[in-house]
A.B. asks: 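This is the structure I have questions about; it appears just below.
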Amino acid sequence: MAMEIKVNGSTYKTDYADRLQAQREETAKAESSQSGEKAAKAQNAQKEEQASNRNFAPHDEYISSEKSGEKPNGLYHVGQDENGNKKVYFNDPKKADNKSPKVNADDPENGEEKCVGNTDKVEREIRELKEKKKQLEQQLKAASGDEKKTKELENKLAQVEQELSQKDTDTYRKQHSTFTDKK
């Protein structure tokens, strides 16, 4: 779909000084004319022209590519960048090496790509962190008399809790899951 913007600049005067000068000249001509009717007609014509100039302000107008008869300027498609994030790509029709993207070579009519996501590795990592947290809490209860060991265990526990809070989220699971093609 292409969009064309139509601006009719010839019917809209933007230069105030030119309009004022033209108005003065027409007024001078009207005053110098001998007939009063001619002067009245000139003034009426001038007023009509000014009114018509005010009515034709420039404006944007959407024209679909089908109505304009022109081909679209390019083709956009969604793809993935090197990090696996979605990105919009533009195929410039002027470049010869651009080809339309193939979503699924097996089924070109169906624009879907089938794949399976696996979060087992992430789930195992989170499970291990939770177990480590439990062990540190038990060790902390057992070492309640030794201040040095208690402080060390509290620091380790804080690190594990921080890491667990970062990794036990849907966003982390999505980013670190592995995807394979479904065949």
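The structure displayed is predicted, hence computed values, not measured ones. In this chain, numbering begins with 1 at the start of the sequence shown.
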A.B. asks: Does Thr119 use its side chain to pair, donor to acceptor, with the backbone of Val122 at less than 3.5 Å?
C.D. replies: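 Not a single qualifying donor-acceptor pair exists.
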
A.B. asks: Check residues 128-141 and write down every donor-acceptor pair under 3.5 Å in which the side-chain atom is one partner and the other belongs to a residue at least two apart or another chain.
C.D. replies:
none

A.B. asks: Might you point out which heavy atoms bring Thr150 and Ala143 nearest each other, and give the distance in Å?
C.D. replies: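 That would be OG1-O, 2.7 Å.
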
A.B. asks: Do other residues, nucleotides or ligands put more than 12 heavy atoms under 6.0 Å from the NZ atom of Lys156?
C.D. replies: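 No.
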
A.B. asks: Distance-only, no hydrogens or angles: does the Tyr89 side chain make a donor-acceptor pair with backbone N or O of Gln80 under 3.5 Å?
C.D. replies: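 Judged by distance alone, yes, a pair lies under 3.5 Å.
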
A.B. asks: Can you check whether Gln23 reaches Leu20 side chain to side chain, under 4.5 Å on heavy atoms?
C.D. replies: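 In short, these two side chains touch, coming nearer than 4.5 Å.
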
A.B. asks: Donor-acceptor check, side chain of Thr178 to backbone of Gly117, threshold 3.5 angstrom: yes or no?
C.D. replies: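 No; zero donor-acceptor contacts below 3.5 Å.
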
A.B. asks: Would a 4.5 Å heavy-atom cut-off, applied to side chains only, mark Lys121 and His176 as touching?
C.D. replies: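 Result no, sub-4.5 Å side-chain heavy-atom pair not found.
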
A.B. asks: Could you give me the CA-CA distance, side-chain angles and deciding distance for Glu25 and Gln21, then say whether side-chain hydrogen bond (donor to acceptor under 3.5 Å, both in side chains) is met?
C.D. replies: CA-CA 6 Å; Glu25 288 174 2; Gln21 181 66 28; 3.3 Å; yes

A.B. asks: Under 4.5 Å between any side-chain heavy atoms of Ile126 and Arg173, yes or no?
C.D. replies: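 A side-chain contact exists here, since the closest heavy-atom pair is under 4.5 Å.
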
A.B. asks: Measure across Phe179 and Cys115 and return the closest heavy-atom pair with its distance rounded to 0.1 Å.
C.D. replies: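 Heavy atoms only, the tightest pair is CD2-SG, 4.3 Å.
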
A.B. asks: Decide, yes or no, whether a salt bridge links Lys86 with Asp81 under the criterion of side-chain N to carboxylate O below 4.0 Å.
C.D. replies: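 The answer is no: the pair does not qualify as a salt bridge.
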
A.B. asks: I need the Glu125 CD to Leu164 CG distance, nearest 0.5 Å.
C.D. replies: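 If I round to the nearest 0.5 Å, the distance is 10.0 Å.
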
A.B. asks: Minimum heavy-atom separation for Tyr172 to Gln166, with atom names?
C.D. replies: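 Nearest pair, atom of Tyr172 first, then Gln166: CB-O, 3.8 Å.
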
A.B. asks: State plainly whether the residues Glu147 and Lys151 are in salt-bridge range, i.e. N to O under 4.0 Å.
C.D. replies: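 No.
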
A.B. asks: Would you compute the distance between atom CD of Gln175 and atom CG of Asn83 and round it to the nearest 0.5 angstrom?
C.D. replies: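 CG of Asn83 is found 10.0 Å from CD of Gln175.
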
